[in-house]
Amino acid sequence: MSEGKTYLDELNDVQRQAVTHTEGPVLVIAGPGSGKTRVLTYRIAHLIETGVAPWNILTLTFTNKSAREMKERITNVVGESGNKVWAGTFHSIFARILRYEADKIGYTSNFTIYDTDDSRSVIKGIIKEMNLDPQQYNVNGVGARISKCKSSLIPPSSYETNENMMAADRKSNRLHFHAIYKKYTAKCKKADAMDFDDLLYQLYRLLVSEPEIKKKYQERFKYLMVDEFQDTNQLQYGILKELVTYDKSPNNICVVGDDAQSIYAFRGATIQNILNFEKDFKNLTTYKLEQNYRSTHHIVQAANDVITFNKKQIKKKIWTDKVEGTKIRVIRALSDTEEGKRIADTILEHKNRHHLSNKEIAILYRTNAQSRIFEEYLRRYNLNYKVFGGLSFYKRREVKDLLSYLRLVINPKDEEALKRVINYPKRGIGNTTLQKVVDFANAAGETLWNAFDKIKLPTRTKNTIIGFQQMITIAAKKAQTDDAYTIASEIAKKSGVYDSLKSDTSPEGLGRFENLNSLLNGIKDFVENDEVGADNSGDKSLSSYLQNIALLTDFDQAEASTDYITLMSVHSAKGLEFRSIFVVGLEEQLFPSFMSMESQDDIAEERRLFYVAITRAEEFLTLSYANTRYKFGKMAYNQPSRFLEEISNENIDSDIPVRQNTKEKMRSGVMGNFKKSRRTAGVAGLMVDPATFKASPVEDIQVGMKIMHMKFGEGKVLSIDGTPRNRVATIFFKGVENPQRKIMLKFAKLQIVT
DNA sequence: TAGGCTGTGGTTGCG
DNA sequence: CCACAGCCTA
């Protein structure tokens, strides 16, 4: 690709400017379908063409998929040298650096990466060990909070000086959180393990505390590029700044993102980063990619209609010069099953009339649980489909079991792996024994592995353990010379994992055995394939294999040839496009989700999610909702989603009346009234027999109590705020529309149950 | 120690 | 309704 810079001709004016503006800080605001990936890859190609060494370029993405795509497209443009570019996910690139520098922060280069399950299991152990109430300190809540601490740059050492965090702990009465956080950090370190947040946080720490090392990477990464910048959290931005801000730095950083497609605030992403970027880099140039090459006119217009309802956003106007296209179709169904049927019918009709292949069609929903009904009808109609999401291959029990053996071989300090396999397959080391060893290890400050050597146990148990440990140690020795597959297949046989799964002839058992085999085949493939791994090393050892897969999520094998309809959540559809899109379940409480009803910010995020959903469509967009739907076994009645009304009529072709020009209505307040009447439509009758109901004194009501309400039935008090005279309780009522309700205690009649 | 049974709780999800 | 965790009993 040396003669004739033809790639520049493939770009529009703004795109070309963004590509050729290589020096200094650049912000690219990229609307949906505006050629964002093209700009990023061509920018890299351009840098290389103008003489920048590929290894001086760092490109960070969020998903393995986009990293892969990016690398592929770079090599397509610039050839082999493209492989030398540092392109990968935040986690994988940082893990690579951390393995290299591990000794500087007290880790070994073979450190284990704990996935979310491992990390939750550590927390569970700590809560148990500290004798804390598992209700109050629920594992997921604590885990989320630890993650929040790390991504907001609050280490255990400075936690106590953080008034916000401390105040929140006092309010929720979780005073031991700090101690849990400290213990958690120590345990991970002792196990030579990092959780996903650590891969970012530890690098940040390293850069801040070791100026020499920081300098090394500042000099290496002369050009930085970040994809999906709106999804970065404070910690990720912190690292970027460390890498790019220094004395006489040229600040060659280019970030690409779209505030309107920010749908991950719930896991710490913050738009603030875009705003800060403008502040932190004074000589910033901003480019806006506003031309949409993906969708026809009505679809682009509908997207614009909807997003204007979000007040806070960066000003831009997405446009297309494509044809008018088909109007958006809205389907109303009476029930969730009818919705399934009508969507399947419409798909058939679409296929016939527009000659669509399955691959060009996707059904998108807010929650994964919605997939079932569509699956049923698609199967009935003999339409090939594939459900994405749900539990990924590497999270399956049988897969994690064997992987835990392998992890243990590489890192015997890995406590989570050890706990998982010490009694699998059953070898008589049950919970009682394990608890004994855990207590011993904690008291002696030993790792679990070493505690097994030192603790006194009945001879039979002891012998079992010695046998187990020998199996691991022998494999560990062999792992230094033999390849990953040799070790893995040997361990699978010797441990008994293989036989125990093979002998299980139940339907699930067969599936498990199959999964074990595909895992082993995957390892074989890793060894025999001459493709280099994520670390670019070509190393075929077990340790290298584990490093390669630790950060993988799905098992996307080469089945691109089969023609199937895609079923997935809106979240996972981000970045994809299809000729025909069905967005289903457009009901209040579902999309927008009931969890986001309390705050405007949450609703705004749901709206962005809807924006992402409809902008996936190239030619055909169909929206649907059902009047009734089964939820947790109970029938729920929901109003059509407010988002439907936010699309102006001229873009909709509907068999039902849709309110027109809601934007005007919202301004005039009509919308507000409408919303109010909808919200109060709750349960009409009483849930409780008045004869047996006895209200308790309101001052006795406390957080965590189970109570009865005349109308809403049984509920749980989540929190109490307000002034002492006007206490307001937030109560979660099961099986009630709008389950989370705020109740003024001085008026409420509540009976305490427990 | 291991399997069965009851009770609880339940978005979205990258690494 | 369904999945899973924790308790209880053989």
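What you see below is based on every heavy atom in this structure, not just the backbone, and it leaves out hydrogens, waters and symmetry mates.
- Stacking of the aromatic ring of A/Phe632 onto the base of B/dG10 is found: the ring centres lie under 5.5 Å apart and the planes are inclined by under 30°.
- Backbone-only contact: A/Asn423 has heavy atoms under 4.0 Å from sugar-phosphate atoms and none from a base.
- Put simply, CZ on A/Phe594 is 9 Å from P on B/dT12, counting in whole angstrom units.
- Residue A/Arg372 contributes atom CZ, which lies 10 Å from atom P of C/dA3 at whole-angstrom precision.
- Within the 4.0 Å cut-off from OP1 or OP2 of B/dT1, at least one side-chain nitrogen or oxygen of A/Thr432 is found.
- At a cut-off of 3.5 angstrom, counting only N and O atoms as typed in the model, there is no donor on one side facing an acceptor on the other between the side-chain of A/Arg366 and the base of B/dT11.
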Exercise for the section: Carefully, step by step, assess A/Arg616 and A/Lys574 under the rule side-chain contact (heavy atoms from CB on, under 4.5 Å). Expected result: CA-CA 8 Å; A/Arg616 298 309 96 201; A/Lys574 186 159 144 198; 5.5 Å; no
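- Side-chain N/O atoms of A/Thr63 and base N/O atoms of B/dG15 include no donor-acceptor pair closer than 3.5 Å.
- Under the stacking definition used here (centres under 5.5 Å, planes under 30°), the residue A/Phe266 fails to qualify as stacked on the base of B/dT11.
- Between A/Lys631 and C/dC2 there is no side-chain N or O to OP1 or OP2 distance below 4.0 Å.
- For the residue pair A/Glu606 and A/Tyr611, no side-chain donor N or O sits within less than 3.5 Å of a side-chain acceptor on the partner.
- Distances shown here put every side-chain N or O of A/Ser596 at or beyond 4.0 Å from the OP1 or OP2 atom of B/dT11.
- The nearest whole Å value for the distance from the CD atom in A/Glu228 to the P atom in B/dG15 is 11 Å.
- Of the candidates B/dT11, B/dG13, C/dG6, the closest approach to any side-chain atom of A/Ser569 belongs to B/dG13.
- When each of A/Phe62, A/Phe266, A/Tyr365, A/Phe388 is checked for a ring-ring contact (aromatic ring centres under 6.0 Å, His included) with A/His571, only A/Phe266 meets the rule.
- The shortest distance between the side-chain N/O atoms of A/Asn431 and the OP1/OP2 oxygens of C/dG6 is not below 4.0 Å.
- When the P atom of B/dT11 is taken as reference, atom CZ of A/Arg607 falls 23 Å away, rounded to whole Å.
- Comparing A/Lys426 and A/Ser572, the nucleotide of DNA chain B nearest to each residue sits closer to the 5' end for A/Lys426.
- The nearest whole Å value for the distance from the CG atom in A/Asp231 to the P atom in B/dG15 is 12 Å.
- For residues 144-154 of chain A, the set of pairs meeting the side-chain hydrogen bond (donor to acceptor under 3.5 Å, both in side chains) definition, not counting sequence neighbours, comprises A/Arg145-A/Tyr159, A/Arg145-A/Asp169, A/Ser147-A/Asp197, A/Lys150-A/Asp195, A/Lys150-A/Asp198.
- Per the geometry, CD belonging to A/Gln435 stands 13 Å off P belonging to C/dG6, to the nearest Å.
- Note: CG (A/Leu609) to P (B/dC14) measures 13 Å, nearest angstrom.
- When each of A/Arg267 and A/Ser593 is assigned the nucleotide of DNA chain B bearing its nearest heavy atom, the one mapping closer to the 5' terminus is A/Ser593.
- Backbone-only contact: A/Thr433 has heavy atoms under 4.0 Å from sugar-phosphate atoms and none from a base.
- Closest approach to the A/Lys124 side chain among C/dG6, B/dT12, B/dC14 is made by C/dG6 (side chain taken as heavy atoms from C-beta onward).
- When each of A/Ile363, A/Val387, A/Asn368, A/Leu364 is tested with A/Met568 by the rule side chain to side chain contact (heavy atoms under 4.5 Å, CB included), just one qualifies, namely A/Leu364.
- Of all nucleotides listed (B/dT12, B/dG15, B/dT11), B/dT12 comes nearest to the side chain of A/His571.
- As a whole-Å value, the separation of A/Ile113 CD1 from B/dC14 C1' is 13 Å.
- Considering A/Asp401, A/Asp117, A/Asp118 in turn, A/Asp401 is the only one that fulfils the side chain to side chain donor-acceptor pair (under 3.5 Å) rule with A/Arg420.
- Residue contacts for A/Lys574: at a heavy-atom cut-off of 4.0 Å it reaches no nucleic acid atom on any strand shown.
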